[in-house]
Every structure is written in structure tokens, then in C-alpha cells.
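So you know, we letter chains A, B, ... as the sequences are listed, proteins then strands, and number each from 1.
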Amino acid sequence: GAGVSQTPSNKVTEKGKYVELRCDPISGHTALYWYRQSLGQGPEFLIYFQGTGAADDSGLPNDRFFAVRPEGSVSTLKIQRTERGDSAVYLCASSSQAGGHTGELFFGEGSRLTVL
Amino acid sequence: GENVEQHPSTLSVQEGDSAVIKCTYSDSASNYFPWYKQELGKRPQLIIDIRSNVGEKKDQRIAVTLNKTAKHFSLHITETQPEDSAVYFCAASLGGNKLTFGTGTQLKVEL
């Protein structure tokens, strides 16, 4: 696709429910990132994939959060037993830069999660 | 871990004036400093970046300066235009694209 695509764009759920957020990166980008942006704040790093493997998951806040990228392209962020504090915009980004190299991050429009 | 502070939180300028946004970082090992622009309800987009081996970088009306000794870097926008109105985020990285972002600056360019 032309850019990073994220679905759903909006998700409203109840406390305690399970949610999945999907990210389709730019074709050919091997690196994929998940960030979380709370209102009035900058994006906060969650997890980074290089290919199929999670190269760095140090930003995941707790074990209710999990992400996969089984075929090295589409990624799914999974949140179990959602809490009101999980409400935020979840941003996915991809990059053509592999490993420890820096380069432009191409962000998606985000998935806005609201936990009631 | 890395900590990035950004000032001011809001900035209002007249069209045609210059705008300056400043950031400080805590980890002297950080070596990559991008700036992202985010319009309301839109995705962040990279506008300029600088690496630690360079002191200044310019791209048309936008420039970034880096002072490694003081651990601060700044974004300079000259001849501001209404379309420059947005939230600007600085960020720092110890390596790779695992970025630590500042809290953002809401820039408003008034006619």
C-alpha cells in the first residue's frame, strides 16, 4: 500500500474486554514499531519488530499487552483485560532501516482506543 | 532510560516571524534527533533530523541545531506560514528508531 494502514481507526470497549489492533506496514519495510500516544503527550515506545521477531519489547507496560508479526508484514497488538488507563491512540510505524540504524519512521493514522 | 524535555508547550507567532522550539535530553549516548510534525488528528510526520556528528542542518525554512556538550537541540522555523500550525515533537534515540519523544509544542501561526 501507499502508507501504513491501521485498523480499526476507533475502538470503544468496556473495561475487562480483549482488543486487537492491526497494522499493515509499507510494503518491503522490515522494521515495524508500535507506539502509544496519550492525550497531550508525545508517542511512547512499546515494541519493535525486525522481520517476524520482537527485537525489543521493553516498552510494553505489562503482560496484558502482546504483539505478533507472524509473517514479517502485518502486525497485531493485543490487549487483554483492558483498563481505563489503556485509553490512548496506538500508533504503528514502519521503516526501511533494519537493526540499529536510524531513519524516517512512517506512521499510520493510529487506532484510537477508548476503554469505558 | 532517556528523558527528553521540550519547551515551550505552546507557541504563538505572527505570520512571517520565526519560531524556536527547544529540547534537552538526558543520556549523552543519544546519537539521533528527529523532529516530527503532527497536525490535529493526523499522523506524525518527519520534518528534519540530525545526527550527533553534525552541529546544524538546514532544509529550506527549517533548521535544527545540536549542542552535544549541553545536551540540547532546537528547531528553528523562519518565515512562518499558517500551514506551519501544528504540534511539533522532538525525539532522541540511543540507536535505531526506538525514540523517546518530548511532550510536544503546539505552534499557532496567526495571520
Heavy-atom neighbours of A:Glu14 CD exceed 12 at 6.0 Å: no
A:Trp34, B:Leu46: one ILVMFWY side-chain cluster at the under-4.5 Å cut-off? no
Any sub-3.5 Å donor-acceptor pair from B:Tyr36's side-chain atoms to A:Leu105's backbone N or O? yes
Chain A heavy atoms under 4.5 Å from B:Gln6: which part of the residue, side chain, backbone, both or neither? neither
Under 4.5 Å heavy-atom distance to chain A, tell me which part of B:Ser93 shows up: side chain, backbone, both or neither. side chain
Turns out that what part of A:Tyr35 lies under 4.5 Å from chain B's heavy atoms comes down to side chain
Should we say atom CG of B:Leu40 is surrounded by more than 12 heavy atoms from elsewhere, each under 6.0 Å from it? no
Is the shortest heavy-atom distance from the side chain of B:Lys98 to the side chain of A:Ser58 under 4.5 Å? yes
Could you look at B:Pro34 and say if it's the side chain, the backbone, both or neither that has a heavy atom under 4.5 Å from chain A? neither
Is A:Phe66 atom CZ crowded by more than 12 heavy atoms from other residues, nucleotides or ligands, each under 6.0 Å away? no
Side-chain heavy atoms nearer than 4.5 Å, only ILVMFWY residues, links allowed to pass through others: does that put B:Ile48 and B:Ile21 together? yes
How far does CG of B:Leu99 sit from OH of A:Tyr48, to the nearest 0.5 angstrom? 12.0 Å
Same apolar cluster: A:Phe65 and A:Phe45, side chain cutoff 4.5 Å: no
More than 12 heavy atoms of other groups within 6.0 Å of B:Glu83 CD: yes
A:Gln37 portion near chain B, given a 4.5 angstrom heavy-atom threshold: side chain
Among A:Gly40, A:Gly110, A:Gly108, who wins on heavy-atom pairs under 4.5 Å with chain B? A:Gly108
Which heavy atom of B:Lys42 sits nearest to which heavy atom of A:Glu109, and what is that distance? CA-OE1, 3.5 Å
Taking every heavy atom of B:Phe89 against every heavy atom of A:Gly42, the minimum-distance pair comes out as CE2-CA, 3.3 Å
Counting only heavy atoms not in B:Glu79 (residues, nucleotides, ligands), do more than 12 fall under 6.0 Å from its CD? no
